[in-house]
J.: 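For reference, the structure I am asking about is given below.
Below, read A as the first sequence line, B as the second, and so on, with proteins coming before strands; counting in each chain starts at 1. Remember, it's a predicted structure, so these values are computed and weren't measured experimentally.
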Protein chains: 2
Amino acid sequence: MSAAFPPHRGPVMSDVAARAGVSHQTVSRVLNGHPHVSATTRTRVLAAIAELGYRRNLSARVLATGRSNVIGVVAQNTTLYGPSSMVQAIGEAALGADLSLTVGHVAGYDATAASRRIVERLVQQGAAGLVFIAPVDAAAEAMRLVPEGIPIVTVDGLPEWQVANVSVDQYTGGLLATRHLLEAGHRTVWHVAGPEQWHGSRAREDGWRAALAEVGAVAPPMARAGWSAASGYQCGRMLARIPDCTAIFAANDHVALGIMRAITEQGRRVPDDVSIIGFDDVPEAGYFHPALTTIRQEFGDVGRQALRLLLDQLATGVKSAESALVEPLLIPRDTVAAPERKPS
Amino acid sequence: MSAAFPPHRGPVMSDVAARAGVSHQTVSRVLNGHPHVSATTRTRVLAAIAELGYRRNLSARVLATGRSNVIGVVAQNTTLYGPSSMVQAIGEAALGADLSLTVGHVAGYDATAASRRIVERLVQQGAAGLVFIAPVDAAAEAMRLVPEGIPIVTVDGLPEWQVANVSVDQYTGGLLATRHLLEAGHRTVWHVAGPEQWHGSRAREDGWRAALAEVGAVAPPMARAGWSAASGYQCGRMLARIPDCTAIFAANDHVALGIMRAITEQGRRVPDDVSIIGFDDVPEAGYFHPALTTIRQEFGDVGRQALRLLLDQLATGVKSAESALVEPLLIPRDTVAAPERKPS
DNA sequence: GGGCGAAATGTGAACGCAAACATGCTTGGC
DNA sequence: GCCAAGCATGTTTGCGTTCACATTTCGCCC
């Protein structure tokens, strides 16, 4: 990166001041909405700004104030539906609050090194606050690099981190899903869990176990998938061969899709032979074949709440560990039915 | 935002200098990898930096140099698979190039106002370059707000914009998809296009028409969907009732999914009665029922190329209008078959 | 109409860094 | 043994903004 663009320097505050016949400080006051500026002066300054096409230099402002209106987001794999929806929601909310977002994209799940660099970056840039989309433990370590004095909000973080957090109540989600299957008449429910490192996976699993315990059902062995249809398919190939397995709670919708495929290939039918329920309610879940019963997570809500929590901290100036829970919702569709009563 | 966090001020360069027993300028030299620093001094400085936990203030650096290593990304709806994959890819590439990314998320498709604000933001922040994920015309207007001297790369932009651009060759994609259906023996191919404002939709449509023209097939009326399964389903409900319609090229995989559902509900079979091909190759496409034949777009490539184009401009210091095309790839699966020869 | 308080505006410094320039030191060639 | 040529380092200045403080202007009351 040897040669370079001419460092772009537009008009500065003193240019505007000269044009409007005032001092640079008055321009600053107008820009920041300070009181004690006469209406006529204000309009003159505003006119000068418009004529010159002046834009205030954010770096200088940050340097002078030690504070920016940029908030950083540390995201895991934003290719996944959940994380990307969340980033989108936070982004929209931020725009509304006149904040801008710097998003650091961590590649892979365990990339602690990448997270560190990103945090480093964000802090150097003078981020006013940080949102960690932290569904995995790896995030916790990177969080420690954040200097005191920069407020943090986690999304899908752990309570023991003692940090403001907002999550979908995945435990309840697991409970809801499992109960729904049980209420349809299944003796027990099998679970294909998501990756172990993800907190959400564990919470859903707990919910599943709790629901089984409620009715005294015995928990069958648990399969472990990734978040992809491909990994769901792998698990499904085993599950499909187990005659007792008539009800499956899948880690998410895509895993459910993979499982359904494996089951169908094995000659069993959904939901007649095997009922299945997903998680997330991706927009296309209702168009799977058959339409997938699932648990909806309101990612948009999560994003907005996260931003609210951050703004609160920014406004009050104190770190909080307040946490918000977003309730999931059961979306009944066509993949859950009563088990066929076999002559047993 | 009245109260506030104490402006976080860590150790500064002169603190490090004092500790290492050198001048702040020497510290700066070490930090920037300048030559003419003795090895012993360098290690002393490095040690001091580590001990103090010093981090250089990026705003000050930007202010002093007039140049930043932040690049801005203006993205449309990052909930969609394509855009989000692209942002992810650009993010990863950027991390490798020691650049950071500020992503502005535009809500909705036509939100020109939002785009303007985002560009405003990005420029104020002193972004060194901008990547516009600009699959719709609305982006062009926002681009005009960017001052001369800031290099731009568009993704899915239009050649007439005279800006460096990288796109998937969607025309060829449309050609490939249509030919594939034609070669399977279908007389003609129906097309459910994506939203009109998206350049990609138009290019795919052109490819479709071209492929039909190649064999002298007449183009049936074209249906128009969004990008969602739901909109695909709506179109599919009509198409399913048209006996002549035996081959459909869908705007993308999700639309294809919706169409398949509509067709199945109507009592027709895929691919026996109707063949269908999608676009994108979302990770779960192979697990749809039946597995979807589709055209893969290598979004990762697109992201990397876009960054390369930007870096080139940054390095040479001249705006270019070079453009790169990423070739799509046909992924044959199970939704395309020969039409049943009816006694006609 | 003199004086007083508030509103309106201006002045100078500081933020943390990098660039340009200045300085002292070492080496080596003749 | 002296000067030139580099190397290693220090000093000063300015980037564009805000902040704390200083100054001017205005309106108003007795």
Side-chain angles (χ1 to χ4, degrees), chain A residues 1-2 4 6-45 48-49 52-70 123-126 128 147, chain B residues 1-2 4 6-45 48-49 52-70 123-126 128 147:
Chain A
M1 218 174 293
S2 50
H8 155 250
R9 304 240 188 237
V12 301
M13 211 174 249
S14 54
D15 297 335
V16 174
R19 174 121 192 174
V22 298
S23 77
H24 63 118
Q25 175 59 356
T26 300
V27 176
S28 172
R29 274 192 272 256
V30 170
L31 247 27
N32 295 316
H34 282 210
H36 307 320
V37 177
S38 72
T40 58
T41 307
R42 185 189 313 282
T43 56
R44 261 220 319 276
V45 169
I49 288 176
L52 261 36
Y54 165 77
R55 298 169 148 141
R56 108 172 111 193
N57 180 320
L58 233 98
S59 300
R61 181 182 160 87
V62 171
L63 182 58
T65 58
R67 197 186 324 286
S68 78
N69 54 358
V70 173
V123 171
Q124 278 189 10
Q125 272 186 51
Chain B
M1 219 174 293
S2 50
H8 153 251
R9 304 243 187 233
V12 302
M13 212 175 247
S14 55
D15 297 335
V16 175
R19 174 122 192 175
V22 298
S23 77
H24 64 118
Q25 176 59 356
T26 300
V27 177
S28 171
R29 273 191 273 258
V30 170
L31 246 28
N32 294 318
H34 282 207
H36 309 319
V37 177
S38 73
T40 56
T41 308
R42 185 191 314 282
T43 55
R44 261 220 322 274
V45 169
I49 288 176
L52 261 37
Y54 166 77
R55 297 169 148 139
R56 108 174 111 190
N57 180 320
L58 226 85
S59 300
R61 181 184 162 87
V62 171
L63 183 58
T65 59
R67 196 183 324 287
S68 79
N69 54 358
V70 174
V123 171
Q124 278 189 9
Q125 272 185 51

J.: Could you check how far CD of B:Q25 sits from P of C:dG16, rounded to whole Å?
T.: 17 Å
J.: Enter the distance from B:H24:NE2 to B:S14:OG here, rounded to the nearest 0.5 Å.
T.: 8.0 Å
J.: With respect to the side chain of B:L63, which nucleotide from D:dC15, D:dT18, D:dT11 is positioned closest?
T.: D:dC15
J.: Using five pairs at each end of the helix from C:dG1-D:dC30 to C:dC30-D:dG1 to define an axis, what is the angle between those two axes, to 10°?
T.: 50°
J.: Quick one: B:D15 CG to C:dC17 C1', roughly how many Å, whole number?
T.: 13 Å
J.: Output the distance between atom CZ (B:R19) and atom CZ (B:R44), rounded to the nearest 0.5 Å.
T.: 12.5 Å
J.: Looking at A:V30, A:V16, A:V27, which one forms a side chain to side chain contact (heavy atoms under 4.5 Å, CB included) with A:V22?
T.: A:V27
J.: In whole angstrom, what separates B:R42's CZ from D:dC7's P?
T.: 14 Å
J.: Nearest whole Å is fine: how far is C:dC21 P from B:H34 NE2?
T.: 15 Å
J.: When the distance from CG of B:L31 to P of C:dA18 is rounded to whole Å, what number comes out?
T.: 6 Å
J.: Need one value for B:S38: base, sugar-phosphate or nothing, where a base atom within 4.0 Å counts as base even if backbone is also close, heavy atoms only.
T.: sugar-phosphate
J.: Is B:T65 near enough to C:dA18 that one of its side-chain N or O atoms lies under 4.0 angstrom from OP1 or OP2?
T.: no
J.: Can you check the B:I49 CD1 to C:dC17 C1' distance for me, whole Å?
T.: 13 Å
J.: Under 4.0 Å, counting only non-hydrogen atoms across every strand here, what does B:S59 touch: a base, just sugar-phosphate, or nothing?
T.: nothing
J.: In whole angstroms, how far is the C1' atom of D:dC15 from the CE atom of A:M13?
T.: 14 Å
J.: Where the side chain of B:A60 is defined as all heavy atoms beyond and including C-beta, which of C:dT11, C:dT9, C:dG16 is the nearest nucleotide?
T.: C:dG16
J.: From C-beta outward on B:T41, which listed nucleotide comes closest to its side chain: D:dG10, D:dA8, C:dA8?
T.: D:dA8
J.: I want to confirm an ordering. Mapping A:P35 and B:N32 to their closest nucleotides on DNA chain C, which one lands closer to the 5' end?
T.: A:P35
J.: Calculate, to the nearest 0.5 Å, the distance between atoms OG1 and CE belonging to B:T26 and B:M13 respectively.
T.: 10.0 Å
J.: Please give, in whole Å, the distance from C:dC15 P to A:N57 CG?
T.: 18 Å
J.: Could you work out which one of C:dC17, C:dA19, D:dT17 sits closest to the side chain of A:R56?
T.: D:dT17
J.: Applying a 4.0 Å non-hydrogen cut-off, can you work out what A:R29 is touching in the nucleic acid: base, sugar-phosphate, or nothing?
T.: base
J.: Can you tell me which nucleotide in D:dT17, D:dG14, C:dG10 comes closest to the side chain of B:A64?
T.: D:dG14
J.: Kindly indicate whether the side chain of A:L58, heavy atoms from C-beta on, has any atom under 4.5 Å from the side chain of A:S68.
T.: no
J.: Which of these nucleotides, C:dG10, C:dC17, D:dT17, is closest to any side-chain atom of A:T26?
T.: C:dG10
J.: Which distance, rounded to the nearest 0.5 Å, do you find between the OG of A:S28 and the CZ of A:R61?
T.: 8.0 Å
J.: Give the minimum heavy-atom separation between A:P11 and A:L52, together with the two atoms involved.
T.: CG-O, 3.5 Å
J.: Could you tell me the separation between the CZ atom of A:R29 and the CG atom of A:L31, rounded to the nearest 0.5 Å?
T.: 12.5 Å
